[in-house]
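Below is one structure; the comments refer to it alone.
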2 protein chains.
Amino acid sequence: MSDVFTALANPTRRELLRLLLERGEQPVQQLADHFDMRRPSLSEHLKVLRDAGLVVEHPVGRQRLYSLRPEPLREVADWLGPYERFWRARLADLRDVLDGLPDE
Amino acid sequence: MSDVFTALANPTRRELLRLLLERGEQPVQQLADHFDMRRPSLSEHLKVLRDAGLVVEHPVGRQRLYSLRPEPLREVADWLGPYERFWRARLADLRDVLDGLPDE
DNA sequence: ACAATACGTAGGAGATTTCCTACCAGTCAA
DNA sequence: TTGACTGGTAGGAAATCTCCTACGTATTGT
């Protein structure tokens, strides 16, 4: 869980996930083209994402195609569950207060 | 957004959020009692949570009561939205494959 | 076989994180 | 007012993060 949040804490890595979501499977060079950063640094970010289980990779010729693996994000959503109940309750309270106000 | 994920990346800080969720508003000392860590370190963790907007604090006498502020977690849930659609589609694909198998 | 391409890893610099001890300011109670 | 209590901040050590350049390995095309 910490690994996943740590991976998501970096904007470059979130952008990598977004690219993989929108465009699907892609080689490293194609991903790197969209960042103002050297390719080895991107490789390191991809390693962090791999270690967190957020991407998987498989070689095709001399390329390595990366693709999204959303299961850890599902765990994040599960983790959020109890807090979601909390904020929904707060929204309900707010609505009650607003309903009780005069000249609505 | 990075601030929120960075705050959530640390297990001590996630545990602090959990305590505030389960027990509600609490002073620092009461929170600190549940960690094997010096109080100033906890204060620093609370500062990270405050800066991320995940907790708010107000003084009562010589204590400072901390409470949960779930709005940033709601933003996390919103951020997850597109990925959720992605994993739901994958689950649907998986079900289709399973449905198509012989001797089910 | 050789040059070019794709990508990872090594090693290092500078910033940041996470813990600590010491200390300071504000509040309360005697 | 003095002493105890609550909690933040200063400063520092060790680890980790994030970028870089240099280099190594595997694959492809000529």
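Throughout, protein chains are lettered first and strands after them, A, B, ... in sequence-line order, and every chain is numbered starting at 1. Quick caveat, the model's predicted, so the values are computed rather than measured.
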Exam field: side chain B/T6 to backbone B/S2, donor-acceptor pair closer than 3.5 Å: yes
Protein-nucleotide distance ([X], atom [atom1]; [N], atom [atom2]), rounded to Å:
X	N	atom1	atom2	result
B/Q29	D/dA4	CD	P	17 Å
A/E15	D/dT18	CD	C1'	17 Å
A/L65	D/dT27	CG	C1'	14 Å
B/D36	C/dC20	CG	C1'	13 Å
B/Q63	D/dG8	CD	P	11 Å
A/F35	D/dC19	CZ	P	10 Å
B/H58	D/dG8	NE2	C1'	17 Å

Charged N-O contact under 4.0 Å between B/E44 and B/K47: no
Letter per nucleotide, 5' to 3', of nucleotides 24-30 of chain C [B base touched, S only sugar-phosphate touched, - untouched; heavy atoms, 4.0 Å]: --BBS--
Protein proximity profile, nucleotides 8-18 of chain C - base contact B, sugar-phosphate-only contact S, no contact -, cut-off 4.0 Å on heavy atoms: BB-B------S
How close do [X] and [Y] get, heavy atom to heavy atom, and via which atoms?
X	Y	value
B/P72	B/V4	CB-CG2, 3.8 Å
B/D51	B/D3	O-OD2, 4.5 Å
B/L8	A/F5	O-CD1, 3.4 Å
A/Q26	A/L19	NE2-O, 3.5 Å

Show me, pair by pair, the donor-acceptor contacts under 3.5 angstrom made by side chains of residues 58-71 of chain A, not counting sequence neighbours?
from: A/H58; atom 1: ND1; to: A/E25; atom 2: OE2; distance (Å): 3.4
from: A/Y66; atom 1: OH; to: A/R50; atom 2: NE; distance (Å): 3.3
from: A/Y66; atom 1: OH; to: A/R50; atom 2: NH2; distance (Å): 3.4
from: A/R69; atom 1: NH1; to: A/G53; atom 2: O; distance (Å): 2.8
from: A/E71; atom 1: OE2; to: B/R90; atom 2: NH2; distance (Å): 3.3

A/V55 side chain near A/L16 side chain, heavy-atom distance below 4.5 Å: no
